[in-house]
Participant: 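Attaching a single structure in structure tokens format; questions to follow.
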Amino acid sequence: MEPSRFKDLNLPFRILLGPGPSMVSPRVLRALAHPPVGYLDPEILAVMADLKELLRYTFKTENEFTIPISGTGTAGMETAIANFVEPGDRVLTAVNGFFGKRLADMASRYGAQVERLERPWGEIFTPEDFDAALKGGGYRLVTLVHGETSTGTVQTRVAEIAEVVHRHGALLVLDTVASLGGVPVDVDGWDVDICYSGSQKCLSAPPGLAPFTANARAMEVFGQRQSRVTNWYLDIQGLSQYWLEPHKYHHTGPINMFYALREALRLGAEEGIEARWKRHRSVAEALWAGLENLGLPPRVPEEYRMASLTTPQLPDGIDEAAIRRRLLDDYNIEIAGGFGPLAGQIWRIGLMGFSARRENVTLLLAALGELL
Ligand SMILES: *Cc1c(COP(=O)(O)O)cnc(C)c1O
């Protein structure tokens, strides 16, 4: 072992315009650098109380069980599945992109009988789709992705879908990993039962926490479980013991990430959630207009195009990977390519949280203009 081989980190300052992580405010980075305290220190309990309140504000909910799960957005997804699915339960997963598929895979691993409601990548669902699919009855859970990061769509009419799901006696899980804090989300107004997100997309904290909320209807269903939750770490009963009274040890919270997410959410509250949605929308509109001028029109119709993630249609024969590489090497800008059925056909350009700024749009469009 020759320790001098390991040099100081010397990371470039990237302009992160991909599907996440997004850029992080200096205020959030400073919060992260505070010294850790114990996981039951009175000071951390106060930080946790703030986090719960700020998350309720951001989700637009009064739900008592509103906490950040340790882990990335996928940990939020797994919390939703592990706690609200029992072996043999029927689960309907709406699949119109990559993350819908992940939910279907996860539910089947927890022993659910999974039916897929499918739409081609790049389309969204209607309430009538759910009504028809749920006719057979007997479903425990329905999963839906709000902002599908693989395609750039945002699901509309969520309140009507929730109404249909409830009429058929099921619970609705909504994935807002790419949309919370950037695109309108209204958990109570839409009557969504279970909702989760990730810290590193429109909330603009580093990756590592998954905001999660569940309403009284979901908690009642949880209370009627016949079997124990097979995932120990993500069992919401155990997590409640730490996050709610009596604040008992469950697992060591990622304390510094609590500081960071609290600061990121505080920035969001200072801006105001509605103003934040408006900023994402107006910055996205500037990007869309500029992309049209470059001959790279957004692929998703405006009616259900996600403001926080745009997917321009690429011209035939373009070496899209080479252009992305030059954006990174010459301009320090990260954007992403498409994958699955959309590989090579689109880019994925994120304008999320602290990255959603007019100057980043101008810079990206100018760089693309030069490279094309
Ligand atoms: C990013 C993302 C996830 C997964 O989150 P990770 O933080 O990568 O674990 C899930 N769903 C959607 C819609 C996403 O955009």
Side-chain angles (χ1 to χ4, degrees), residues 16-24 55 58-59 67-82 93-107 109 119 121-125 142-156 158 161 172-185 187 192 194-213 231 233-234 254 257 260-261 264 280 284 300 304-311 334-340 342 346-353 355-356:
L16 296 172
L17 304 181
S22 57
M23 296 166 86
V24 173
L55 283 176
T58 310
F59 273 125
I67 68 166
I69 302 289
S70 302
T72 63
T74 306
M77 184 186 286
E78 192 134 2
T79 304
I81 299 300
T93 59
V95 180
N96 59 346
F98 180 82
F99 290 105
K101 261 175 73 180
R102 179 173 291 185
L103 276 154
D105 178 27
M106 215 178 254
R109 290 181 191 217
R119 281 271 190 185
W121 284 41
E123 292 184 13
I124 60 166
F125 298 93
V142 173
T143 71
L144 179 61
V145 176
H146 183 229
E148 194 26 281
T149 326
S150 57
T151 65
T153 60
V154 66
Q155 177 65 50
T156 60
V158 177
I161 292 170
L172 179 64
V173 173
L174 189 68
D175 175 323
T176 62
V177 177
S179 50
L180 186 71
V183 175
V185 169
V187 166
V192 169
I194 299 150
C195 188
Y196 59 86
S197 189
S199 53
Q200 81 278 20
K201 300 196 186 184
C202 296
L203 300 177
S204 271
L209 285 174
F212 185 93
T213 189
N231 186 315
Y233 196 77
L234 299 176
M257 276 304 298
L261 182 61
H280 280 79
V300 175
Y304 50 93
R305 191 183 293 162
M306 181 162 34
S308 51
L309 190 104
T310 297
T311 48
E334 179 187 84
I335 65 169
F339 60 110
L342 299 178
I346 57 165
W347 281 324
R348 294 184 302 137
I349 302 174
L351 290 169
M352 299 179 170
S355 295

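Treat the numbers as computed from the prediction; the structure is a model and nothing was measured. Ligands are counted one by one from 1 in listed order, and the atoms in each one are counted from 1 as well.
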Participant: Pair Thr143, Ile81 - check side-chain contact (heavy atoms from CB on, under 4.5 Å), show working.
Facilitator: CA-CA 9 Å; Thr143 71; Ile81 299 300; 4.2 Å; yes
Participant: Show your reasoning for whether side-chain contact (heavy atoms from CB on, under 4.5 Å) applies to Thr311 and Leu342.
Facilitator: CA-CA 10 Å; Thr311 48; Leu342 299 178; over 6 Å; no
Participant: Could you tabulate the donor-acceptor pairs under 3.5 Å formed by side-chain atoms of residues 95-103, not counting sequence neighbours?
Facilitator:
unit_1	atom_1	unit_2	atom_2	d
Asn96	ND2	Glu123	O	2.7
Arg102	NH1	Thr74	OG1	2.9

Participant: Can you tell me how far the CE atom of Met352 sits from the OG1 atom of Thr149, to the nearest 0.5 Å?
Facilitator: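 Result: 6.0 Å between the selected atoms.
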Participant: Testing the basics here: between Gly198 and Leu203, what is the closest heavy-atom pair and its distance to 0.1 Å?
Facilitator: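 Closest approach of Gly198 to Leu203: O-CD1, 3.6 Å.
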Participant: Put together the list of close N/O pairs, under 3.5 Å, between ligand 1 and the protein, could you?
Facilitator:
unit_1	atom_1	unit_2	atom_2	d
ligand 1	7 (O)	Gly73	N	2.9
ligand 1	7 (O)	Gln200	NE2	2.7
ligand 1	9 (O)	Thr72	OG1	2.6
ligand 1	9 (O)	Gly73	N	3.4
ligand 1	9 (O)	Thr74	N	2.8
ligand 1	9 (O)	Thr74	OG1	2.5
ligand 1	11 (N)	Asp175	OD1	3.4
ligand 1	11 (N)	Asp175	OD2	2.8
ligand 1	15 (O)	Thr149	OG1	2.3
ligand 1	15 (O)	Lys201	NZ	2.7

Participant: In this structure, which one of Ser70, Pro207, Ser199 forms a side chain to side chain contact (heavy atoms under 4.5 Å, CB included) with Met257?
Facilitator: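 The single option meeting the side chain to side chain contact (heavy atoms under 4.5 Å, CB included) with Met257 is Ser199.
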